There are 2 protein chains.
Amino acid sequence: MSDRQNSTRKTRSDKERNRTHILEVAEQFFGEQGVDGPMQAIAKRAGLGPGTLYRHFPTREALLVALLEARWNELEARRQAIEERGSDSVAALKAWLEALHEFVTAFDGLPAPLREASMDNTSPLTITCEDLVATTGHFLAAAQRDGRAHPWVGARELFLSVLATVWVTGAALADQASGQALQALLRFGWETPLPDTDAPPADRRPRPDLDPPT
Amino acid sequence: MSDRQNSTRKTRSDKERNRTHILEVAEQFFGEQGVDGPMQAIAKRAGLGPGTLYRHFPTREALLVALLEARWNELEARRQAIEERGSDSVAALKAWLEALHEFVTAFDGLPAPLREASMDNTSPLTITCEDLVATTGHFLAAAQRDGRAHPWVGARELFLSVLATVWVTGAALADQASGQALQALLRFGWETPLPDTDAPPADRRPRPDLDPPT
DNA sequence: GCACAAATGGAGGTTATGTCCGCATGGGAC
DNA sequence: GTCCCATGCGGACATAACCTCCATTTGTGC
């Protein structure tokens, strides 16, 4: 970023100015209306033509990527904090999932494009998603090594479960209670029952019987 | 339904004919394109003007309700079959959740309107959703009475978790594996660990600590 | 057949998306 | 300072979808 035009001219100053202004406006707008709000409205609120908006961010997703970048740094900091705290692996995983949850709750309607991105591989958001899955996998693996998480659970599933939880509760629109209960439900899903007997720690139960793929 | 005009005239025959034709076309169309496909296309494929389509089904949701009605009967039959089978409560709940899963997978994109409906209370789909939640609650309660499901789990959450699972896996578009793993994750969430010790059966663990509502 | 209520169909208002191109504006040479 | 021109701007426009309204057609009862 900020690499100047190596050929002849410096990039015009108004360009960068407009870019950041768009980002400010979009941040506010998405915060109010959710990520599905009309792009037009952002351009209008920024006092720019639609052409300019699309020149800077050719798709809604591109705009989202730029907006999430700032928050991504914050999330990364939180990840480090969790790791340096050196708490037990389950607490760490829980903390990370909560951080992830908050990240996905940043804007209303965010889960949908993230889900899309984690499937399609063609979206600019894909890399972000894969990073998030990777970090989730990092914490999950630690918990599994300690025998505190079922070994058959995957990082991708946990990530998707966070998306699903946020999606289903409508990003804070709807009842908090269901959201929390769902989170608890999922936690009970991955967490291993009890280290309070001295039986073999991890998989006291085998992988649950999955129905054949019909 | 099919109550004739009590005032003066019988309802015109072409009306009912068009209605059923629209339903046939819509069933196929939604099956192919998902429930978000353009309404126009349905009208066109049925050889009708958009006005006629909207006269019969004023909203996309109204059309969905009519389409789901047939499948709802099927689901109801399945419910009865499960109950008459008289299997154990956990198996019954599992079977019901699977039936529900298939119901929600009927059309691509179905989870979204159902979620909407189960929140808004203004949608024509709302009643359907509430019926589904009620039945889920029926099977869940039985399992809880047997101490085979965590007592703090609610019917609504289970229903929403089915919606969420289907949503996140993109209604059979995406990887089956993640979908099944998620289902397993959730099942581990609600199912009570083990009747293989003769300890008090149900809540071996208290309701998990929910974080205070921030 | 005839009259008329009922139903049709498509034209059209509205809102959103994304592109294209004439125009203005900022950067650099002098 | 001023002039040139590449760079970026802005909004008009092409496209697509939604949904409504009303002139026209069509089926029903007599």
Side-chain angles (χ1 to χ4, degrees), chain A residues 1-26 29-30 32-66 108-109 112-113 116 122-124, chain B residues 1-23 25-26 29-30 32-66 109 112-113 116 122-124:
Chain A
M1 284 149 221
S2 83
D3 52 352
R4 68 179 49 197
Q5 202 79 345
N6 54 4
S7 55
T8 47
R9 252 170 218 236
K10 197 169 71 177
T11 132
R12 276 169 61 163
S13 64
D14 50 346
K15 185 175 188 178
E16 181 65 14
R17 201 168 355 109
N18 278 329
R19 196 188 128 91
T20 55
H21 186 216
I22 289 174
L23 285 176
E24 288 167 7
V25 167
F29 183 81
F30 281 165
E32 292 169 8
Q33 319 258 343
V35 299
D36 290 326
M39 294 288 265
Q40 303 275 20
I42 296 171
K44 194 173 184 181
R45 198 187 276 195
L48 300 169
T52 306
L53 173 58
Y54 283 105
R55 166 171 297 272
H56 283 282
F57 305 101
T59 66
R60 186 185 298 272
E61 279 177 343
L63 181 53
L64 262 181
V65 169
D108 213 54
E116 217 71 23
T122 66
S123 158
Chain B
M1 278 145 227
S2 82
D3 51 354
R4 70 178 48 194
Q5 201 80 343
N6 54 5
S7 57
T8 47
R9 248 169 223 239
K10 196 169 71 175
T11 131
R12 274 169 59 164
S13 64
D14 51 345
K15 186 175 189 177
E16 182 64 14
R17 201 168 353 110
N18 278 329
R19 196 188 126 91
T20 54
H21 186 216
I22 290 174
L23 285 177
V25 168
F29 183 80
F30 282 165
E32 292 169 8
Q33 319 259 342
V35 298
D36 291 326
M39 294 289 265
Q40 304 274 23
I42 295 171
K44 194 173 182 181
R45 197 187 279 196
L48 300 169
T52 306
L53 173 58
Y54 282 106
R55 165 170 297 271
H56 283 283
F57 305 100
T59 65
R60 185 185 299 271
E61 279 176 344
L63 181 53
L64 262 182
V65 169
E116 216 72 24
T122 66
S123 158

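Reminder, nothing fancy here: chain letters follow the sequence lines and each chain counts from 1. Note that the coordinates shown come from a computational prediction; the quantities given were computed from them, not determined experimentally.
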query: For the atom pair CG (B:L63) and CG (B:L23), what is the distance rounded to the nearest 0.5 Å?
result: 6.5 Å
message: Please report the distance, rounded to the nearest Å, between CD1 in B:I42 and C1' in D:dC19.
response: 14 Å
field: Spacing of B:R55 atom CZ relative to D:dC18 atom C1', expressed in whole Å
entry: 17 Å
query: Can you check whether A:G37's main-chain N or O pairs, donor with acceptor, with A:R60's side chain at less than 3.5 Å?
result: yes
message: Would you compute the distance between atom CD1 of A:I22 and atom CE of A:M39 and round it to the nearest 0.5 angstrom?
response: 9.0 Å
message: The side chain of B:M39 is closest to which nucleotide in this list: D:dC22, D:dC18, C:dG27?
response: D:dC18
- request: Please check the phosphate of C:dA7 (OP1 and OP2 only) for any side-chain N or O of B:N18 closer than 4.0 Å.
  value: no
Atom-pair distance (CZ on B:R45; C1' on C:dG9), nearest Å: 20 Å
message: Students often get this wrong, so: under 4.0 angstrom with heavy atoms, is A:R60 touching a base, only sugar-phosphate, or nothing?
response: sugar-phosphate
Candidate nucleotides C:dG27, D:dT28, D:dG8, ranked by approach to the side chain of A:S13 - the nearest: C:dG27
task: Specify the separation, in whole Å, of atom CZ of B:F57 and atom C1' of D:dT20.
output: 18 Å
message: Please report the distance, rounded to the nearest Å, between OH in A:Y54 and P in C:dA16.
response: 11 Å
message: Taking the nucleotide of DNA chain D with the nearest heavy atom to each, does B:Q40 or B:R12 sit closer to the 5' end?
response: B:Q40
message: Under 4.0 Å, counting only non-hydrogen atoms across every strand here, what does B:T52 touch: a base, just sugar-phosphate, or nothing?
response: base
task: Using a 4.0 Å heavy-atom cut-off across all strands, classify B:R19 as base, sugar-phosphate, or nothing.
output: nothing
task: Grab the CD1-C1' distance between B:I22 and C:dA7 for me, whole Å please.
output: 12 Å
message: Quick check for you: to the nearest 0.5 Å, what is the distance between A:R19 atom CZ and A:L48 atom CG?
response: 13.5 Å
statement: Between CG of A:L53 and C1' of C:dG18 the distance, given in whole Å, is 10 Å
query: Can you tell me if the side-chain N/O atoms of A:T59 get under 4.0 Å from OP1 or OP2 in C:dG18?
result: no
message: Using OP1 and OP2 only, check whether a side-chain N or O of A:H56 sits under 4.0 Å from D:dG8.
response: no
task: Find which nucleotide of DNA chain D each of B:D36 and B:D14 is nearest to by heavy atoms, and output the residue with the more 5' nucleotide.
output: B:D36
field: Rounded distance (nearest 0.5 Å) linking atom CD of B:E61 with atom OG1 of B:T122
entry: 7.0 Å
- request: Pick base, sugar-phosphate or nothing for A:P50, based on heavy-atom distances below 4.0 Å to the nucleic acid.
  value: base
